[in-house]
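Everything on this sheet refers to the single structure shown next.
Just so it is clear: chains get the letters A, B, ... in the order the sequence lines come, proteins before strands, and each one is counted from 1.
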Amino acid sequence: MYDFKQIEKKWQKAWDDAHVFEAQDNSTKPKFFGLVEFPYPSGSGMHVGHIKAYSGLEVISRKKRMQGYNVLFPIGFDAFGLPTENSAIKFNTHPRILTDANIEKFTGQLKQVGFSFDWTRTIDTTDEAYYKWTQHIFLELFKNGLAFRDTALVNYCPHCKVVLSNEDSQGGKCDICHSDIVQKSKDVWYLRITKYADRLLEGLESVDYLPQVKQQQINWIGKSTGAFVNFKVSGTDEELRIYTTRPDTLFGVTFMVIAPEHPMLARCRDRITNFDALEAYREECAKKTEFQRTQLNKDKTGVKIEGICGINPLNNKEIPIYVADYVMMGYGTGAIMAVPAHDERDYEFAKKFGIDIIEVIKGGDISTEAYTGDGEMVNSEFLNGYDNKKDSIKRMIEYLEEKGIGEEGVQYKMKDWAFNRQRYWGEPIPIVHCEHCGMVPVPEEELPLRLPEVKNFEPGEGGESPLAKIPEFVNCKCPVCGKDAKRETDTMPQWAGSSWYFLRYVDPHNDKCLADPEKLKYWMPVDWYNGGMEHVTRHMIYSRFWHKFLYDMGEVNTEEPYAKRTAQGLILGPDGEKMSKSRGNVVDPNEVVEQYGADVLRTYILFMGDYGAAAPWDVNGIKGCKRFLDRVEALFAMAKDKGATPALEASFHKTVKKVTIDIEEMKFNTAIAAMMSLLNEIYDVGSITTDELKTLVLILCPFAPHICEELWERLGGEGLCSVAKWPEWDEAKCEDKTVEIAVQILGKLKGTVTVDVNADKDSVLNLVKNDPRFTPFIEGKTIVKEIFVPGKIVNIVVK
RNA sequence: GCACCUGUGGCGGAAUUGGCAGACGCGCCAGACUUAGGAUCUGGUGUCUUUGAUGUGCAGGUUCAACUCCUGUCAGGUGCACCA
């Protein structure tokens, strides 16, 4: 038992005073840039999940520092956003005041855990010296045509009163309040992320991300290849353009479907004889939330368009056109050719509406279900006889292009990024709307465009930003013509500030540019980025997009921002469920620090299981780690100055090796287990020297730095343990002289023999065959086979 | 529905990647020291019908040898979700 409270305070101060965790911009050492996702400073303070998220790279950074790296391990605060604004409204205060208080609270809590962050580089996305550069990047995007306004169906949260991006409304629920999203036609800002879709996809090949992370991004981008085909519409000049991934099945088309919102309907109004019915159907669909529309996938609905029909460009056959909400306006062209024989959805629709089903690929039984597999083409004129999907697709596309009725095409599921929120607590969008000049960027020298001080920042009922109610902010002069103009009043979404924050860490106080190119050149890319899986399809994709854009602008020097990406698993409540206030199973890290100390908290969080997997919190597990650190501390009383402990030499080398390698592979649980084993051995042997204990203290330091500093000092170690040299191991000394070999007869374990490490097959087999424990299994039988794996096993197969 | 991941003691989890399953920790049992123990220390602890057999969700298969590879299947988790 030791006084952890006093010790932890003492060494946290010592680290601050010695500036040991500050990164050097000019250094000849190799660099390591370790990045963790900066927290949103919420009012409820830190969660044990934050500690786990930061502890991984904390241990790696500390080890790298001890190994002689110049380490940049920064932290900051992603502080713009709705929760703070909502609680400011609730408590009738200002988000600035809340944000400052929350940041102070978080800072105190982070320091209390002893994280080795470089506190001189802390950033706050709501700081005007920071968001000046967020606005700068927005203007660059605008000037390059990548930020634009468009009126389209958007995801709208009626509760938060904001437009949400696709990424923020996954599953048809608002990411902030979990209300149902509704679709609404609105004039909003977009960032043209789709222009970078291919590069975001290709870039994944050059980075070291967890396979799940890559896969999720690939799925989110959702690239598909196929063809666009133009269908004439009878009695009109219309050409109905569709997208399909299966042009090979074009002879099997028996109807077409367009989305309820498809603009062709209005254009063909005069020819359509049931326009009212179609209009009624469209209105019915509009009432459904996105969620309902996608959940109702069992029963297909739709209305046939009367008065016009499509014409298959291959054979000029007339085919009916339907309006149905299983086709989305937001993907492809909002219109499809339907091949019921070979598409499940089309099949279901055709069955319900009694439409013909024509088989064009052999192999299934289309009287019972759609056949989506491969097979020989039939009923398809020039494609008949082909039996490979790839060949027939290629052949068909050639034909379409030759005849000028279609061409090869690519589609993405990813849509452009809806980039504005109608709320107060975000970066103002630096654009002026001028009657004469249109949308005009605020001149760079006027940045930052500050958020005005206001008393009332509640969102407007009509979906307008609170900023719209402030005449002094809204009314301005056009920067181009000087006439009266109005400012954009929407703000940027939560994800803006985090899309480039890692760049600012490199040069956080620069007021000339977002970061000095020389410093970027030295530090970038981020060597290792760890964070949660929940950010893989949002923050990760957004920031990769901004980074690639900045690379194209010449503002950064690497095409990809993150060389490596890992993710920690959740900490579940003691009941094995996800921690939540409503379940009442939330563990407060402060209480653990108070009761057991920061070292115990850190060690336990990394010991509780596989870092990448979810694991439930266990109060008794904490006690085990407490016991471990107490037993390490107690070794000091046992340590002798002179001599060595030969019995432990190999164990020390093995443990140093294992801990060094395991940390690098994020196998923190087995690294700690190895140190616990070593400790048990030390107690078994009953003696240890000062130098040996120093070695243990050094390798334990990244996990439990406070007690290690204390022991380091008591043992007479030079300087601070946190920056002392990481121990090395001697491979030769890791080898044991003898080894225990398992003896199997017919694959069944019968016992073990201890032999010299270098013992050869013959000598070991000889030993086994003459061992009375094994002779009964061999005598009187024929030996069919003898297997010998050096250092592991012998297996004698008898008959 | 599709994709990916995970199934190992009472619990969290190990297993050098095909070579002694259950490291390490928790819990539990017994003992020691104690006025006391939710402190500390020592020993034990997969299961069973215990000189042996059996065992990594389930059923098969490959192999001298399978938690590990293959086929099928069940269960749980995560993500996407009428994407044409």
Base partner of [N], which must satisfy Watson-Crick or wobble distances under 3.5 Å:
N: G7(B); result: C74(B)
N: U68(B); result: none
N: A14(B); result: none
N: U42(B); result: A30(B)
N: U35(B); result: none
N: U56(B); result: none

For this session: Describe, in one word, how the ring planes of Tyr542(A) and Trp417(A) are oriented to each other, choosing from parallel (under 30°), tilted (30 to 60°) and perpendicular (over 60°).
Result: parallel

For this session: Over 60° means perpendicular and under 30° means parallel, so classify the ring planes of His535(A) and His539(A), tilted if in between.
Result: perpendicular

Under 4.0 Å, heavy atoms only, any strand: does [X] hit a base, just the sugar-phosphate, or nothing?
X: Ala614(A); value: sugar-phosphate
X: Thr752(A); value: base
X: Gln411(A); value: nothing
X: Asn669(A); value: sugar-phosphate
X: Asp630(A); value: nothing

Indicate syn or anti for [N], taking the glycosidic torsion and treating anything within 90° of 0 as syn.
N: G9(B); result: syn
N: U73(B); result: anti
N: U78(B); result: anti

Selection from [options] that lies nearest to any side-chain heavy atom of [X]:
X: Val789(A); options: G12(B), A84(B), G19(B); answer: G19(B)
X: Asn620(A); options: C4(B), G19(B), G27(B); answer: G27(B)
X: Asp325(A); options: G12(B), C82(B), A14(B); answer: C82(B)
X: Val327(A); options: A23(B), A84(B), A15(B); answer: A84(B)
X: Lys750(A); options: C24(B), A53(B), A14(B); answer: A53(B)
X: Thr670(A); options: C64(B), C24(B), A15(B); answer: A15(B)
X: Ala742(A); options: A84(B), C20(B), C82(B); answer: C20(B)
X: Met676(A); options: A81(B), A3(B), C24(B); answer: C24(B)
X: Ala673(A); options: C24(B), C82(B), C64(B); answer: C24(B)
X: Asn680(A); options: A3(B), C24(B), A81(B); answer: C24(B)

Between [N] ([atom2]) and [X] ([atom1]): distance, integer Å:
X: Tyr604(A); N: C26(B); atom1: OH; atom2: C1'; result: 9 Å
X: Tyr326(A); N: A81(B); atom1: OH; atom2: C1'; result: 16 Å
X: Ile793(A); N: A21(B); atom1: CD1; atom2: P; result: 8 Å
X: His539(A); N: G79(B); atom1: NE2; atom2: C1'; result: 18 Å
X: Asp618(A); N: G38(B); atom1: CG; atom2: C1'; result: 15 Å
X: Glu348(A); N: A84(B); atom1: CD; atom2: P; result: 17 Å
X: Lys748(A); N: U63(B); atom1: NZ; atom2: P; result: 17 Å
X: Glu261(A); N: C82(B); atom1: CD; atom2: P; result: 13 Å

Phosphate OP1/OP2 of [N]: any [X] side-chain N/O under 4.0 Å:
X: Lys785(A); N: C64(B); answer: yes
X: Arg627(A); N: U40(B); answer: yes
X: Tyr331(A); N: A84(B); answer: yes
X: Lys667(A); N: C24(B); answer: no
X: Arg631(A); N: C41(B); answer: yes

For this session: Return the 5'-most residue of the pair Ile741(A), Asp610(A) with respect to RNA chain B, ranking by each residue's nearest nucleotide.
Result: Asp610(A)

Exercise. Taking for each residue the nucleotide of RNA chain B with the nearest heavy atom, is it Leu746(A) or Gly330(A) whose nucleotide lies nearer the 5' end?
Worked result: Leu746(A)

Crowded around [X] [atom1]? As in, over 12 foreign heavy atoms under 6.0 Å?
X: Lys352(A); atom1: NZ; value: yes
X: Glu344(A); atom1: CD; value: no
X: Lys195(A); atom1: NZ; value: no

Exercise. Strictly under 6.0 Å, is that where the ring centroids of Tyr596(A) and Tyr604(A) end up?
Worked result: no

Problem set entry | Ring centres under 6.0 angstrom apart (Phe607(A), Phe628(A)) | no

Exercise. Do the numbers put Lys761(A) on top of the ring of Phe788(A), so that NZ or CZ is under 6.0 Å from the six-membered ring centre and no more than 45° off the axis?
Worked result: no

